[in-house]
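Here's the structure we're looking at; comments come further down.
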Amino acid sequence: KTSSLKVLAGALTELSSKGLMNEKSVEISIINPKSISMKQLYGSYDEVTNEWTDGVLPIKFRGFAKDETGDRKWIIFDGPVDAVWIENMNTVLDDNKKLCLSSGEII
């Protein structure tokens, strides 16, 4: 799966660089959600300090959202499928492809 996505991204980027088919370049960020905890993936709220700490996903998502190049941005979850993080992903992503964090921030 990962190799197929990398080939597709490369092909789209190549088409973009040649100005063909009105395609955009692709920027890929690969995350293995099983290699980190849910708090590290999504972020967490510290009840003692009342501070929110961003996880890997919000940092990547925010970076892609701020990028105004018009290129395609893909965040790929590469690893074994787990019902827990899939359900969490369904909870934090809305229908408009916005990331809704527990901190109240919407990216």
Side-chain angles (χ1 to χ4, degrees):
K1 297 175 284 188
T2 304
S3 296
S4 299
L5 289 170
K6 287 180 179 178
V7 169
L8 177 59
L12 291 170
T13 301
E14 177 93 9
L15 287 171
S16 174
S17 68
K18 293 182 177 180
L20 300 172
M21 299 176 63
N22 200 24
E23 283 297 339
K24 306 287 184 192
S25 295
V26 178
E27 184 179 343
I28 297 176
S29 180
I30 299 174
I31 300 171
N32 182 345
K34 295 295 287 180
S35 66
I36 56 179
S37 71
M38 289 296 121
K39 287 182 178 182
Q40 292 170 325
L41 181 61
Y42 295 110
S44 62
Y45 180 75
D46 187 332
E47 293 182 19
V48 175
T49 63
N50 290 328
E51 291 182 357
W52 175 261
T53 302
D54 280 333
V56 174
L57 182 60
I59 291 169
K60 293 287 185 182
F61 212 94
R62 189 178 295 110
F64 279 175
K66 288 181 180 178
D67 186 349
E68 297 180 3
T69 61
D71 293 342
R72 296 172 189 260
K73 290 136 185 95
W74 294 352
I75 297 177
I76 299 170
F77 290 88
D78 191 14
V81 176
D82 180 330
V84 173
W85 68 260
I86 292 288
E87 185 58 36
N88 286 337
M89 182 58 63
N90 285 334
T91 302
V92 297
L93 279 180
D94 71 3
D95 293 337
N96 296 317
K97 300 177 186 170
K98 293 181 181 178
L99 184 66
C100 304
L101 301 173
S102 297
S103 65
E105 181 180 10
I106 298 174
I107 305 173

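When side chains are defined from C-beta on, Asp67 counts as touching Lys73, because their heavy atoms get closer than 4.5 Å. Using a 4.5 Å cut-off on side-chain heavy atoms (C-beta onward), Arg72 and Glu23 make contact. Between Tyr42 and Ile36, every side-chain heavy-atom pair lies at or beyond the 4.5 Å cut-off. Between Asp46 and Thr53, every side-chain heavy-atom pair lies at or beyond the 4.5 Å cut-off. The shortest distance between side-chain heavy atoms of Phe64 and Ile59 does not fall below 4.5 Å.
Minimum heavy-atom separation, Phe77 to Leu57: CZ-CD1, 3.8 Å. Between Leu41 and Pro58 the shortest heavy-atom distance is O-CD, 3.4 Å. Nearest approach of Leu5 to Trp74, heavy atoms of both residues: O-CZ3, 3.7 Å.
In this structure, Lys6 NZ and Ile76 CD1 are separated by 8.0 Å, a value rounded to the nearest 0.5 Å. Taken from CG in Leu20 to CG in Leu12, the straight-line distance is 11.5 Å, to the nearest 0.5 Å. Atom CD of Glu27 is separated from atom CG of Asp71 by 7.5 Å, given to the nearest 0.5 angstrom. Within the model, atoms OG of Ser35 and CG of Asp78 stand 10.0 Å from one another, a figure rounded to the nearest 0.5 Å. Taken from CG in Asn22 to OG in Ser16, the straight-line distance is 9.0 Å, to the nearest 0.5 Å.
Only one option out of Thr49, Asn50, Asp54 pairs with Trp52 in a side-chain contact (heavy atoms from CB on, under 4.5 Å); it is Asp54.
In this structure, Leu15 is not a member of the same hydrophobic cluster as Val26, with clusters built from ILVMFWY side-chain heavy atoms closer than 4.5 Å.
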